[in-house]
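Right, one structure below, let's go through it.
Every chain is numbered from 1 and lettered A, B, ... according to where its sequence line falls, protein lines coming before strand lines.
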Protein chains: 2
Amino acid sequence: MDQDIIKKIPHKTIERLSQYRRALLICLSQGKTHIFSHEVAEIQHITAVQVRRDLMLIGYSGNLRRGYNIKDLIALIGTIIDSQDGQRVAVFGMGNFGRAISAYFEGRRERLSIVAGFDVNPQKIGTSIAGVPVYHIDRACEIISKEKIKIGIITVPGNQAVETAKIMVDCGIKGILNYSPSPVKVPEDVFLEEYDMITSLEKVAFYVKEH
Amino acid sequence: MDQDIIKKIPHKTIERLSQYRRALLICLSQGKTHIFSHEVAEIQHITAVQVRRDLMLIGYSGNLRRGYNIKDLIALIGTIIDSQDGQRVAVFGMGNFGRAISAYFEGRRERLSIVAGFDVNPQKIGTSIAGVPVYHIDRACEIISKEKIKIGIITVPGNQAVETAKIMVDCGIKGILNYSPSPVKVPEDVFLEEYDMITSLEKVAFYVKEH
DNA sequence: TTTGTCCTGTGAATTGAATAACAAAAACTA
DNA sequence: TAGTTTTTGTTATTCAATTCACAGGACAAA
Ligand SMILES: NC(=O)c1ccc[n+]([C@@H]2O[C@H](COP(=O)([O-])OP(=O)(O)OC[C@H]3O[C@@H](n4cnc5c(N)ncnc54)[C@H](O)[C@@H]3O)[C@@H](O)[C@H]2O)c1
Ligand SMILES: NC(=O)c1ccc[n+]([C@@H]2O[C@H](COP(=O)([O-])OP(=O)(O)OC[C@H]3O[C@@H](n4cnc5c(N)ncnc54)[C@H](O)[C@@H]3O)[C@@H](O)[C@H]2O)c1
């Protein structure tokens with residue numbers, strides 16, 4: 001696919017492509033070969049137009065009578081969002097949340113594997129949590145370069161997040177997923193995604209209370 | 001505050017108010033009494049105009065020379081996003097993630113407390129995980145009504161999410177935070193917020209790979 | 001007093017994303 | 001063959017959120 005086109009795909013479309021792919025994989029495993037936009041839409045609880053527009057943006061054409069070829073579509077989405085030889089990920093802060101994430105991703109996605117965890121707690125250093133080896137944060141640069149890690153997940157306490165992000169950037173991490181409640185700042189060439197669970201829960205609480 | 005105005009506050013503003021409040025509480029604990037929009041903006045890594053606009057929407061006026069009164073602002077945000085007598089929350093699926101969440105919220109926010117967990121694993125029923133009592137999902141309606149629970153967090157495996165959401169709605173839950181990768185559907189009067197970690201991680205991976 | 005600086009508050013313009021609307025293709029129907 | 005149905009692909013429109021641009025207040029210094 002053309003580089004310029006890829007740059008212009010909306011963030012939200014990228015997110016939905018990831019979701020379409022997982023839904024399609026389930027359909028494929030159920031023996032389906034083709035699917036209509038309105039069927040995808042129903043699974044994702046969005047509109048069929050939205051689905052068609054997303055597929056239009058990545059340049060995929062469906063069959064007018066049978067819909068989209070599931071296998072082809074999965075493959076195309078793969079060429080867009082996956083990297084050639086997979087991405088390697090590290091978790092910073094192997095506490096309750098870091099452990100849950102590590103356990104969850106263990107052997108789930110071949111192209112996205114958690115290969116290292118960093119912490120400061122001496123009791124955890126040198127152990128293996130959910131199959132992920134835990135190193136001291138001081139060895140971050142060494143391990144990141146050795147293991148060719150490009151992506152890092154922040155699950156340290158909020159007051160440590162800014163400092164941890166700095167270390168990550170200095171060690172060459174190019175994408176950060178920050179789950180601490182403290183916003184961090186990164187240079188232009190590092191992609192940052194932040195998600196704060198407290199905010200989400202407070203938001204739900206707000207819309208639940210009767211006004 | 002006027003009901004009509006509250007209804008018109010953008011979703012994104014509600015999210016930021018939650019974050020402003022936490023930042024302000026930290027400032028307050030450091031002895032500050034007033035703060036400028038650009039200072040708030042710097043903490044959150046957004047623009048000062050955004051901050052001023054958000055505060056404008058909730059009808060808060062700052063002092064032209066000293067900025068915003070931190071204490072007053074915290075109180076005002078509280079009247080908007082908090083409920084009168086706090087919200088009670090239940091976690092559905094007390095596995096790795098459910099446990100991490102329960103441990104995390106334990107005693108953190110007085111107005112938002114996790115008071116019950118539901119599971120199907122007989123080994124977990126009747127125990128207490130991170131201070132949260134675990135019940136069988138069959139007792140959901142009974143416990144939800146007894147404990148006056150209005151909010152539920154979904155942390156069951158993806159293939160159980162749709163069924164679990166149905167139970168939640170039937171038992172009178174009015175706000176759902178779905179952390180499973182499977183989208184769920186709810187009636188109009190139930191507020192739904194979904195977050196899929198895999199999507200986020202794949203998104204980061206996409207923007208990290210050089211195009 | 002006057003001038004300059006540093007804020008806030010807000011209407012107008014812009015951007016980004018979702019939705020509506022519809023042409024055209026394909027296959028079936030009568 | 002002519003019409004009906006179903007679905008894709010795309011342009012135009014609407015809606016939501018952010019940013020721009022600037023008026024106007026408060027104070028300090030000259
Ligand atoms: N547990 C959850 O469900 C949950 C939910 C929302 C947000 N979070 C956020 O995730 C983060 C972690 O939460 P948790 O519940 O796992 O806490 P936790 O205390 O269980 O884990 C934190 C871990 O980080 C390690 N750590 C501390 N300082 C460090 C540093 N400078 N470098 C590397 N490691 C360091 C600690 O040793 C510990 O192992 C927090 O920021 C929290 O706000 C967690
Ligand atoms: N662990 C993570 O960090 C993580 C990250 C992203 C998403 N998730 C999602 O969160 C969910 C849970 O993940 P996990 O890692 O905690 O898995 P887990 O297997 O550790 O926990 C699932 C729990 O749900 C219970 N359960 C199963 N069916 C149930 C039902 N019908 N009703 C009530 N409880 C039921 C199980 O007994 C188990 O305790 C999954 O949907 C997963 O995709 C988890």
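- Counting only residues at least two apart or on different chains, the ring-ring contact (aromatic ring centres under 6.0 Å, His included) pairs with a member in residues 139-180 of chain B are B:Phe97-B:Tyr179.
- Residues forming a ring-ring contact (aromatic ring centres under 6.0 Å, His included) with A:His45 (at least two apart in sequence, or on another chain): none.
- The distance between atom CD of A:Glu15 and atom C1' of C:dG16, rounded to the nearest whole Å, is 13 Å.
- Counting only N and O atoms by type, the side chains of A:Thr164 and A:Gln160 include no donor and acceptor under 3.5 Å apart.
- In this entry the distance linking CE of B:Met56 with C1' of C:dG9 reads 7 Å, nearest Å.
- Pairs engaging residues 180-211 of chain A under the disulfide (SG to SG under 2.5 Å) rule: none recorded [sequence neighbours left out].
- Extent of DNA chain D lying under 4.0 Å from chain B heavy atoms, first and last nucleotide in 5' to 3' order, is D:dA17 to D:dC27.
- Taking 4.0 Å as the cut-off between side-chain N and carboxylate O, B:Arg21 and B:Asp82 count as a salt-bridged pair.
- Sequence neighbours left out, the pairs with a member in residues 51-61 of chain A that pass salt bridge (Lys or Arg N to Asp or Glu O under 4.0 Å) are A:Arg16-A:Asp54.
- Pairs engaging residues 49-83 of chain A under the disulfide (SG to SG under 2.5 Å) rule: none recorded [sequence neighbours left out].
- By the side-chain contact (heavy atoms from CB on, under 4.5 Å) test, A:Arg65 pairs with A:Asn63, sequence neighbours left out.
- Ion pairing between a basic and an acidic side chain is recognised when a charged N comes within 4.0 Å of a carboxylate O; A:Glu15 and A:Lys12 show no such pairing.
- Every residue meeting the disulfide (SG to SG under 2.5 Å) condition with A:Cys171, not counting sequence neighbours, appears here in chain and number order: A:Cys141.
- Rounded to an integer number of Å, the gap from B:Leu57 CG to C:dG11 P is 11 Å.
- Judged as a side-chain contact (heavy atoms from CB on, under 4.5 Å), and not counting sequence neighbours, the contacts of B:Leu28 are B:Ile70, B:Lys71, B:Ile74.
- Near DNA chain D, meaning a heavy atom under 4.0 Å away, the residues from residues 30-40 of chain A are A:Phe36, A:Ser37, A:His38.
- Rounded to 10 degrees, the angle separating the terminal helix axes of the helix from C:dT1-D:dA30 to C:dA30-D:dT1, each built from five base pairs, is 20°.
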Review item, nucleotides 17-24 of chain C N/O atoms under 3.5 Å of protein N/O:
| residue | atom | partner | partner atom | Å |
| --- | --- | --- | --- | --- |
| C:dA18 | OP1 | A:Arg16 | NH1 | 3.3 |
| C:dA18 | OP2 | A:Arg16 | NH1 | 3.2 |
| C:dA18 | OP2 | A:Arg16 | NH2 | 3.0 |
| C:dT19 | O4 | A:Arg53 | NE | 3.2 |

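- Looking at A:Arg22 and B:Thr199, their side chains do bring a donor and an acceptor atom within 3.5 Å of each other.
- A salt bridge is absent between A:Glu202 and B:Arg111; no separation between the charged side-chain nitrogens and carboxylate oxygens falls under 4.0 Å.
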